[in-house]
Amino acid sequence: MANEKYDLIVRNGEVIDGTGASRLTADIGVHGDRISALGNLSEASGEVEFDAANRMVAPGFIDVHTHDDHALLSKPDMSYKTSQGVTTVVAGNCGVSLAPLRFTGDRPPPPLDLLGNGYKFPHMSDFFDAIDANPAATNAALLCGHTTLRVGAMDNLKRPATDNEINQMRDQLAEALDAGVVGMSTGLAYEPAKPAPTSEVLKLAELLGPAGALYTTHLRNEGNDIVKSLEEAFRIGRESDTGVVLSHHKVTGKENFGRSEETLEIIERIRKDLRVDLDVYPYVAGSTVLQKWRLGEARRVIITWSVPEPEAGGRDLNEIAEDWGCSVDEACDRLQPAGAIYFMMDEADVQRIIKYEHSMIASDGLPHDHHPHPRLWGTFPRVLGHYSRDLNLISLEDAVHRMSGKPASVFGLAGRGEIKEGNFADLVVFDPATIIDTADFDDPIKPAAGIDAVYVNGRAVWRDGAATDARPGKALRRAA
Ligand code: ZN
């Protein structure tokens, strides 16, 4: 429209709208927190203008697999996210959510300590309120973690929950759903949730379907028993009438290399009568707490943090054991509590899963680690630069779709994930020729290259290689 005045105009960019459709040249006009025009705005002016010539403009990326619960409050500039173009995070994955957290003692049991320490929200609504009161740079949707519920309801985590404990957990979950969580997550591979039988999870998950919420799961086993674990997840989805998201899908351990062919075939078949989606991070190494049983399936282990031995962060476990003149197992004991990176996947599987059309790209980054896995800073630019541009594994439009439109639709994030009039102005401007991750396993805390500007709800949160001091993020409550 001639002479129209906008708060922000992003001009001359190649717009990839997030639906998977081909790019087109357009200007984007923003009023307040919304996209109000898309097209030729050469006659209009903006309070702020950004020239995106020779750049791509995409919907801000949605990182559906994060452990950012604590960081949303303690590191609200979220620069490890915004520097990658991420504008919305889904926190509370793998059974581990910061709320509704009830525990006695100084430190919650692992893996809850992946979230850091210092906050305690007995009700999910308290956590939402805290985000409202102190917004972060990014938007946040939340999951309620099954392990967190267990820690709150049970005095002994080494057994299945009793009926009484299940009822307490159901009350907490119902409250969390009322507060607006997008679903419940499980981490059935972790000690405090392992003893939970399928029936325990089912009694909680049955609240999800009627609420229109999702079931996301870190499977009980991602190695030899991957198929059995997939079947358990599908059963939970089916019987509770809810969509399933398979977290950080992978196959681990040398003897399972290549089996993503089998798992993706199973998923594709199940999708005919069950909503199943998955997320994946673009690396052959995973990262979580230091667990002895994992050492056997990893070809290399790097310590990411250790409470008694902080200087071990960034060092190989083998080297540490050698220095200490002890076995790897003994070193493992001495480092606890601790976190680690495990090289345990095959590149061909990682590529096959990234390529699979129903995979969403997500980081699983751990923001409190002393020496974090590079996925924390690199995931999205790595897929765009390395896997899409350099290896041509998927088109740029498809990659962007799996980072924006697809996750918004799977997680029901209304008004996000696509560039269109009326949607929220969550935008990323990047250079397709230079975008790339720069964080690696030796030097993991580094912003990616090629991201020019990132906007959340119409306001710049990342510009010229640095975080701004804007905190326009919103807590995204599930629509009732
Ligand atoms: Zn996990």
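The first residue in the sequence is number 1, and the count goes up from there. As the structure is a computational prediction, the values presented were derived from the model and not from experiment. FYI, side chains are in, hydrogens and waters are out, and symmetry mates aren't considered; it's all heavy atoms of this structure.
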Peer 1: Any salt bridge between Arg55 and Asp431, counting N to O under 4.0 Å?
Peer 2: yes
Peer 1: Kindly indicate, with the supporting measurements, whether the criterion side chain to side chain donor-acceptor pair (under 3.5 Å) is fulfilled by Thr288 and Tyr190.
Peer 2: CA-CA 10 Å; Thr288 182; Tyr190 291 105; 2.7 Å; yes
Peer 1: Validate the cation-pi geometry between Arg11 and Phe50: distance from NZ or CZ to the six-membered ring centre under 6.0 Å, angle to the ring axis within 45°.
Peer 2: no
Peer 1: Looking at Glu265, I'd like to know if its CD atom is crowded, meaning that more than 12 non-hydrogen atoms belonging to other residues, nucleotides or ligands lie closer than 6.0 Å.
Peer 2: no
Peer 1: Look at atom CG of Asp273 and say whether more than 12 heavy atoms of other residues, nucleotides or ligands are closer to it than 6.0 Å.
Peer 2: yes
Peer 1: Given Arg259, which partner from the list Glu262, Glu261, Glu255 fulfils the side-chain hydrogen bond (donor to acceptor under 3.5 Å, both in side chains) test?
Peer 2: Glu262
Peer 1: Between atom OG1 of Thr66 and atom CD1 of Ile62, what is the distance when rounded to the nearest 0.5 Å?
Peer 2: 12.5 Å
Peer 1: Could you verify whether a donor N or O on one side chain and an acceptor N or O on the other, from Arg416 and Asn457, lie under 3.5 Å apart?
Peer 2: yes
Peer 1: Hey, could you give me each pair passing salt bridge (Lys or Arg N to Asp or Glu O under 4.0 Å) that has a residue in residues 391-408? Not counting sequence neighbours.
Peer 2: Arg23-Glu397, Asp277-Lys406, Asp398-Arg402
Peer 1: Just how far is it from atom CD of Glu49 to atom OH of Tyr6, taken to the nearest 0.5 Å?
Peer 2: 11.0 Å
Peer 1: If you count heavy atoms of other groups shown closer than 6.0 angstrom to CG of Asn54, is the number above 12?
Peer 2: no
Peer 1: What are the two closest heavy atoms between Gly145 and Ser185, and how far apart are they?
Peer 2: CA-OG, 3.5 Å
Peer 1: Using 30° and 60° as the class boundaries, would you call the ring planes of Phe121 and Phe127 parallel, tilted or perpendicular?
Peer 2: parallel
Peer 1: Using a 3.5 Å distance criterion without hydrogens, assess whether the side chain of Glu297 forms a donor-acceptor pair with backbone atoms of Arg294.
Peer 2: no
Peer 1: Measuring centre to centre across the rings, with the benzene-like ring taken for any Trp, is His371 within less than 6.0 Å of His373?
Peer 2: no
Peer 1: Cation-pi between Arg299 and Phe343: NZ/CZ under 6.0 Å from ring centre and within 45° of the ring axis?
Peer 2: no
Peer 1: Can we say Arg477 and Asp132 salt-bridge, meaning some charged N sits less than 4.0 Å from an Asp/Glu carboxylate O?
Peer 2: yes
Peer 1: Ser240 vs Glu206, test: side chain to side chain donor-acceptor pair (under 3.5 Å). Steps then yes/no.
Peer 2: CA-CA 4 Å; Ser240 55; Glu206 66 184 29; over 6 Å; no
Peer 1: Does His31 have any side-chain hydrogen bond (donor to acceptor under 3.5 Å, both in side chains) partners at least two apart in sequence or in another chain, and if so, which?
Peer 2: Ser36
Peer 1: Kindly indicate, with the supporting measurements, whether the criterion salt bridge (charged side-chain N to carboxylate O under 4.0 Å, His left out) is fulfilled by Asp316 and Arg300.
Peer 2: CA-CA 7 Å; Asp316 274 40; Arg300 182 185 171 197; 3.0 Å; yes
Peer 1: Would you please name every residue forming a side-chain hydrogen bond (donor to acceptor under 3.5 Å, both in side chains) with Asp349, sequence neighbours left out?
Peer 2: Ser260, Arg352
Peer 1: Is it the case that more than 12 heavy atoms not belonging to Lys355 sit under 6.0 Å from its NZ atom?
Peer 2: no
Peer 1: Using the ring of each side chain (for Trp, its six-membered ring), is His358 parallel, tilted or perpendicular to Tyr356, with breaks at 30° and 60°?
Peer 2: perpendicular
Peer 1: Give a yes or no on whether the backbone of Ser97 and the side-chain of Thr148 come within a donor-acceptor separation of less than 3.5 Å.
Peer 2: yes
Peer 1: If I take atom CG from residue Asp129 and atom CG from residue Asn134, how far apart are they, to the nearest 0.5 angstrom?
Peer 2: 11.0 Å
Peer 1: Enter the distance from Lys446:NZ to Thr438:OG1 here, rounded to the nearest 0.5 Å.
Peer 2: 5.0 Å
Peer 1: List for me each residue that meets side-chain hydrogen bond (donor to acceptor under 3.5 Å, both in side chains) alongside Thr88, sequence neighbours excluded, and say none if there are none.
Peer 2: Asn139
Peer 1: Tabulate below the donor-acceptor pairs under 3.5 Å that side-chain atoms of residues 208-219 make, not counting sequence neighbours, or state none.
Peer 2:
| residue | atom | partner | partner atom | Å |
| --- | --- | --- | --- | --- |
| Tyr215 | OH | Thr186 | OG1 | 2.9 |
| Thr217 | OG1 | Thr186 | OG1 | 2.8 |
| His218 | ND1 | His248 | NE2 | 3.2 |

Peer 1: Mind jotting down which residue pairs meet the side-chain hydrogen bond (donor to acceptor under 3.5 Å, both in side chains) criterion with at least one end in residues 226-236? Sequence neighbours excluded, please.
Peer 2: Thr198-Glu232, Arg220-Glu232, Arg235-Glu239
Peer 1: For Ile28 and Ile419: C-alpha separation, side-chain torsions, deciding distance, then whether side chain to side chain contact (heavy atoms under 4.5 Å, CB included) applies.
Peer 2: CA-CA 9 Å; Ile28 297 172; Ile419 294 183; 3.9 Å; yes
Peer 1: Do we see a donor-acceptor contact under 3.5 Å between the side chains of Thr252 and Glu222?
Peer 2: no
Peer 1: Can His65 and Ser363 be counted as having a side-chain donor-acceptor contact under 3.5 angstrom?
Peer 2: no
